[in-house]
Amino acid sequence: MALNFSRRLLAKLAGLSALGLAMPAAAAERKGKPAQDRFVPAAFPKAFVWGTATSSYQIEGAVNEDGRGPSIWDTFSHTAGKIADHSNGDRANEHYHRYREDVQLIKRLGARAYRFSIAWPRVFPDGTGTPNPKGLDFYNRLIDQLLANGIEPYATLYHWDLPQALEDRAGGWRSSDTSKAFGDYAGHVAARISDRVKNIFTINEAGRFLNFGYGWGIDAPGLKLPAAELNQARHNVVLGHGLAVQAIRAAARKGTRVGPAENIAACVPAFATPEHIRATEMATRELNAGLLGVMLEGKYTDGFLEYAGKDAPKFTAEELKIIGAKNDFVGLNIYAPQFYIAASDKKPGWAVLPFPSSFPHMNSEWLHIGPEVIYWAPKIAAKIWNIDTIYISENGTSSEDKLRDDGKVYDLDRISFLRNYLAQLQRATSEGVPVKGYFLWSLMDNFEWIFGYEKRFGLYHVDFQTQVRTPKLSTEFFRDVVARNAIGP
Ligand code: BG6
């Protein structure tokens with residue numbers, strides 16, 4: 001019977017091939033067809049960039065070495081009651097000294113790109129003024145090490161570690177002096193790394209650090225500003241982005257590409273009918289109007305200004321021009337659906353649906369599981385802002401990540417999360433959504449801000465006592481996706 005069955009199957013396959021239809025990959029291989037000609041059902045575009053991401057304060061440690069100045073996160077994490085496990089980033093992953101070993105971790109994934117951030121207070125310990133050459137020396141060593149191992153560096157200039165001096169002297173992002181200082185710092189760095197670093201992200205997740213740090217007092221610097229001041233701080237941040245783009249264009253080598261890395265307020269249509277999709281496009285534009293929207297349009301929407309009313313930021317036409325300068329790419333950090341949107345008969349024509357408390361989430365409560373968000377958010381962003389190059393600058397998840405007695409971490413929930421999200425991302429690229437790359441957060445477990453070391457997002461497990469890095473099961477999953485440039489079958 002088994003023999004008959006396989007004979008029938010063979011006969012069927014032979015028939016298919018006689019008709020010129022696709023054969024399963026294994027059969028194609030036997031016929032000696034080159035690998036790239038085989039039909040891969042869920043392939044990403046050619047030259048798709050695969051990488052992982054980290055940030056300076058979360059992994060470097062060495063906070064008092066080689067002339068680094070303090071940042072607002074040093075101050076904040078050393079303030080009693082701010083960090084869940086009472087920890088701080090003083091030591092973190094000791095990446096400052098272990099970067100060579102860490103580059104090998106990247107290499108083992110087969111990923112050819114790496115997104116890291118540069119600590120502003122290492123380069124300008126005082127925020128402005130005299131640079132500290134030893135600060136950039138570290139990043140030069142890291143960049144050289146990456147390139148020597150065939151890994152393309154993607155640098156982020158601001159991942160929340162603002163020099164404390166600027167907070168003290170200027171009130172941090174409450175003042176446009178900080179925007180100007182950021183522009184100067186960006187130009188200084190770009191002039192010195194753009195011979196080797198071709199892609200620079202300006203500011204990471206303005207939407208997160210402004211709301212959490214300046215609005216709700218949860219992140220550094222722990223402020224709860226009234227609405228008008230918060231909107232002004234938002235404006236100063238986007239102005240900082242624009243000034244940085246300008247400074248990079250002036251100082252960097254020709255061909256250096258620049259853009260933001262923003263946690264877009266990610267909207268998903270409640271269901272995919274044309275009217276809900278249209279409503280979701282309108283909602284995406286309005287809900288992002290204060291940050292990503294003004295960076296991409298060079299203006300605040302009428303809806304945003306009307307809603308802000310007397311609390312709207314003060315700005316000039318000249319500033320809007322700077323803020324709206326063309327980017328070479330847009331980085332989107334996408335973890336969870338933030339808003340499910342439905343069409344509405346009432347103004348403005350869309351409504352945010354309430355989140356049920358039973359909505360499933362990962363090991364972080366905020367991380368709702370909605371893989372379709374990584375399909376819809378880039379698709380809608382590309383359409384409404386006419387973007388031609390998008391990177392998923394962060395995506396990933398926390399997991400329990402227990403190191404078992406056999407020395408392994410079976411992070412099956414992370415694998416399931418990644419498989420589902422990447423399938424939706426592939427769906428987007430297969431429809432022509434211009435996503436050119438993906439950076440997984442994170443290369444290794446690290447200091448997860450207010451959660452300290454209690455939340456683990458890494459592909460590699462880190463024992464923070466011994467600093468031993470152990471690959472989790474998900475490293476094998478990710479390596480396979482990268483190697484085949486495809487998800488599935
Ligand atoms: C992103 C940040 O918001 O998400 C990362 O850019 C951060 O720096 C990651 O580590 C996870 O967030 P959290 O708040 O759970 O640590």
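Counting starts at 1 for both ligands and their atoms, following the listed order.
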> With hydrogens left out, which residues have an atom under 4.0 Å from ligand 1, given that only heavy atoms count?
Replying inline: Gln58, His159, Trp160, Asn204, Glu205, Arg208, Asn333, Tyr335, Trp366, Glu394, Trp441, Glu448, Trp449, Phe451, Phe457
> Is there side-chain contact between Trp73 and Asp219, with at least one heavy-atom pair below 4.5 Å?
Replying inline: yes
>> Surrounding CG of Asp168 (heavy atoms of other residues, nucleotides or ligands, distance under 6.0 Å), is the total greater than 12?
In response: yes
With sequence neighbours left out, what residues match [X] under side chain to side chain contact (heavy atoms under 4.5 Å, CB included)?
| X | result |
| --- | --- |
| Lys402 | Glu400, Arg404 |
| Ala351 | Ser344 |
| Met362 | Leu367, Ile369, Thr397, Asp413, Phe417 |

> Pick from Ser474, Ser416, Ser399: which one makes a side-chain hydrogen bond (donor to acceptor under 3.5 Å, both in side chains) with Asp411?
Replying inline: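 Single pass found, and it is Ser474.
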